[in-house]
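Computed from heavy atoms alone, side chains included, the values below leave out hydrogens, waters and symmetry copies. These numbers come from a predicted model, not from an experiment.
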Amino acid sequence: MQFIKFRQSILHIYGLYFCIAASSLAANTIAEDDFWTALQKNSYAATENTNSQEKMATVWQAFPMECEWLEQDIEGGLAAYLSSTSQENILALALKKAICETKELQDEFRDRYAGKDSKMMLNLYLEVCRERRMQRLAKLEGQCQQYLVIQRQPLDLSVHSKSLTGGSKLCLMQWSNQKADIQEILSDSEGILRDITLASDAKKLLFSWQKNPDKPQAAIYEMLLRNHQVRQVTDGKALDLYPAYLPDREILFTSDRCKVVSPEGSNVFNFYTCDPAETTLSRLGIEQYSMVSPCVLQDGRVLYSKHYEYTADNCPRPIFQMYPDATGIRPFYFYQSSKFQTPIQMRQCPDSHLVVGILSEGDHAYGQPVLVDSHVIPTNQPLGPVVGESSPGLRYLSPFNRKTKRCFQSPCPLSNDLFVIAGSIPAAKENTGSFGLYYMDSRGNTELLHYNPDQSYSEIVAVKARPRPFVRSSDVDASKKTGTVYVQTIYRDSGLVDYPRNKVQKVRMVGVRYRNSAVGEQRFQAGTQVMQVATPVGVGHASREVKMVLGEAPVYEDGSMMIEIPARIPVYLQFLNEQGAMVLQTSYALVLQPGEYYSSTTLWPAGQMTPSSNSVLTQAMQQGVYRFEGEIPGEGFSFEKNVASILGQNCAQCHNAQHPSLNLSETKIEDATAQRSWSLAYLSLTHAQQSVGTSQSGGYIGNPGNYAVCWPEVYFDYEPLRPCYAGSIRSNLVQLLANGHHEVKLEPSQLDQIRCWLDLGVPYCGDYLEANTWSGRQRKEYGVLIRQTENTETY
């Protein structure tokens, strides 16, 4: 017992010495009595009408390490302690939790806390925490001594670096003797440094530098670590972010230079590659949602995310994978969440297939750290569960605490069980503006390594060499204009398992063109969300994009298909029955590179598996590839050009002003919100009504659930779709016209046009410029953006 007490005294003295030596944690970390006094003085109950946030900040700045212990051991953190009237009970629970990790002294400490008052309990708690801290930080020894960090003014950094406060530093942190020494490498008092990534040999790094925070322009820069020499890689005329070294030493980054906007109207970021020697750029990504946060795995694959402005409740948000030439794009891991939207900042754990990352909420560059094991839940299994439940293959390192609102960013894995990470300081404004540097293990335990109340740490990268990722030969054949899609069966994982095999006979290839600017808008309710669609091509709830019918190909009785589709064009696939009505469509667009061969067991998100070599010989294999011989249409499907003439010839003479319930005249109605001019026939068929209320802005909103004219709604990529729930297969109008209405009998080709219009989501415009009420200046600017997009080889 005397030996234990002597050891305990030594640990106590060493702990006090460490608190004083680690000056980076606070200006002065002093004795327990002072911490006790500070807690009592800043208790919320001490005085009336006090600012609780200021009180927390006062204690945090003086005693950051001690406050951090209370944050992790008390439900509700320091705020719960300061506002409690039973602090002794809270400390007893915190002490029990802390004791559980100090295995060597568990029995002695457990005996010592009984019957103590609050002050003595606090002192004992701090003693236990110091021992626990030394045990935890001992794991960092021998892992890595140097780290690159970004230091900036406390701010809420967004995924896309918009509306930011300037001023940031690139620093080198030396970790030695359980102390952080931070040295400045590069500083910009006005600009923004972000997105640092290290080469595999740890001799150079890439980062993004926005020199003027008021201008949406950032360039990629490279720095040699040995002398801190910096050179500019990209021209900086666009917003270039998230650089990464590819295995063949080319540089991958994401940029808004593609001049495309999302359906909601935000600038879209697509992947580009840059030859560092010649600084020539090539566009890889063809997306209408931003491709962000690339991570190069040791086997040569690239993980990335797509950033969405909106999300439906429990809508799947995959982590994607591709090869460095943008072939083989498919989900790496699915998860469903009612709260978190975008997986970002993914990094592979050393010598492991595990990936650590952040699940971000909204547009924030922070969120909750997770460890992903894609081997646990194969991608042909059902989607993962909602946040808060156990999820095979995905583990939350630090569960979201709604009371303290703790959040993290930029996890730096040192092993499967050990991470250095930037964590929010609860006392900071809104709990998200200021971040310190933390130790974290796979059980969510944390220790504060470095904290500066006047600065925030947004990124951290270990300066440690690793093996060069595998260099994969490219499958792209630039001489070709198409790629090939082979599917073993469309029935697996699609909801069509009980659908008669001989009913689905064709697949329609639907190409999509993306908008180049946000001109006009629609706002409407979709479930629990108020959706916004910029540059609309139809009324609210209608198709969000211009769509081109590229052709049709056979689907065989066994569900197999092997078809060519145009390369570098987003293509949806619609599966049709013997009447030409759509049974089901893919919920995401395929984009193939020239010459790419894409094979899968099924096209549905829950089954992205490459068929095994011992698969049976399918009918599609026996018949061979169905060649795409057509040309890409200059315009998409237009109501005015493809449907209105049919109605005008056959229906408008009866369905006119004397038939107000279904007036099919060509009279134009201006929609000031959408900045479009719709025909009365289109508004009648879609049962569109002018919306009321500020949330929907007064535009025309269609009714897709109408029994006569119904159509499928798709708002999110990879949103689960139900077969046969809407479209021409459910429309009474199609049945009426097919049977003959009075003396009207349409030709089969005319019925096919109407079916197609319904299944495409009832678009009005076949071009984003069609039927617009824009100003001359808006038309001119849009034309310039179209030409700029074409120069990036989008189509």
Side-chain angles (χ1 to χ4, degrees), residues 157-162 194-195 197 208 239-244 246 252-256 258 260 262-264 266-272 284-297 301-312 314-324 326 328-337 339-348 354-374 379 383-384 387 391 393-394 396 407-411 413 458-459 570 587-589 591 605 608 716-719:
L157 185 66
S158 70
V159 173
H160 292 155
S161 185
K162 54 188 178 183
R194 57 173 291 171
D195 305 332
T197 185
S208 178
L239 201 56
D240 299 339
L241 306 173
Y242 295 110
L246 292 176
L252 176 73
F253 64 98
T254 188
S255 175
D256 65 351
C258 56
V260 171
S262 70
E264 293 79 18
S266 298
N267 288 351
V268 170
F269 291 72
N270 274 197
F271 280 147
Y272 288 77
L284 289 185
I286 310 293
E287 294 284 353
Q288 69 168 340
Y289 285 105
S290 292
M291 308 172 80
V292 298
S293 199
C295 167
V296 180
L297 302 181
R301 288 178 296 166
V302 179
L303 300 188
Y304 68 96
S305 303
K306 288 201 285 186
H307 178 261
Y308 302 85
E309 282 85 352
Y310 295 95
T311 184
N314 302 330
C315 193
R317 286 292 168 258
I319 299 171
F320 293 92
Q321 63 182 0
M322 70 177 190
Y323 296 118
I329 294 178
R330 59 185 67 206
F332 172 79
Y333 185 84
F334 272 108
Y335 78 99
Q336 282 179 283
S337 172
K339 180 176 181 59
F340 302 107
Q341 296 183 18
T342 307
I344 59 174
Q345 301 167 6
M346 294 161 291
R347 293 174 182 171
Q348 186 175 13
L354 299 180
V355 174
V356 64
I358 297 292
L359 293 188
S360 168
E361 180 181 2
D363 194 39
H364 304 303
Y366 54 78
Q368 298 310 302
V370 292
L371 200 61
V372 177
D373 183 354
S374 64
T379 51
L383 304 180
V387 168
S391 177
L394 187 146
Y396 289 82
C407 52
F408 297 87
Q409 60 184 348
S410 189
S458 61
E459 299 177 38
S587 58
Y588 61 97
V591 181
Q608 293 291 322
F716 308 104
D717 288 352
Y718 292 87
E719 181 180 2

So do [Y] and [X] actually touch side chain to side chain, heavy atoms under 4.5 Å?
X      : Y      : value
Gln368 : Cys407 : yes
Gln348 : Pro413 : no
Val370 : Val355 : no
Ser290 : Lys306 : no
Val302 : Leu252 : yes
Leu241 : Val292 : no
Val268 : Tyr289 : no

N/O donor-acceptor pair under 3.5 Å between [X] side chain and [Y] backbone:
X      : Y      : answer
Tyr304 : Met322 : no
Asn270 : Glu287 : yes
Arg347 : Pro411 : yes
Asp195 : Tyr242 : yes

Tyr323 OH: over 12 foreign heavy atoms closer than 6.0 Å: no
Straight-line distance of [X] [atom1] to [Y] [atom2], nearest 0.5 Å:
X      : Y      : atom1 : atom2 : answer
Met291 : Tyr272 : CE    : OH    : 11.0 Å
Ser305 : Ile358 : OG    : CD1   : 11.5 Å
Tyr396 : Leu371 : OH    : CG    : 12.5 Å
Thr254 : His307 : OG1   : NE2   : 12.0 Å
Leu359 : Leu394 : CG    : CG    : 6.0 Å
Tyr308 : Ser266 : OH    : OG    : 14.0 Å

Candidate pair Phe332 and Val372, rule side-chain contact (heavy atoms from CB on, under 4.5 Å), full reasoning: CA-CA 10 Å; Phe332 172 79; Val372 177; 4.2 Å; yes
Within the 6.0 Å centroid threshold, strictly below: Phe253 and Phe271: no
side-chain contact (heavy atoms from CB on, under 4.5 Å) assessment of Gln345 paired with Ser410: CA-CA 6 Å; Gln345 301 167 6; Ser410 189; 4.2 Å; yes
Step-by-step side-chain contact (heavy atoms from CB on, under 4.5 Å) determination, Ile329 to Val591: CA-CA 8 Å; Ile329 294 178; Val591 181; 5.6 Å; no
Residues Glu459, Arg194: salt bridge by 4.0 Å N-O rule: no
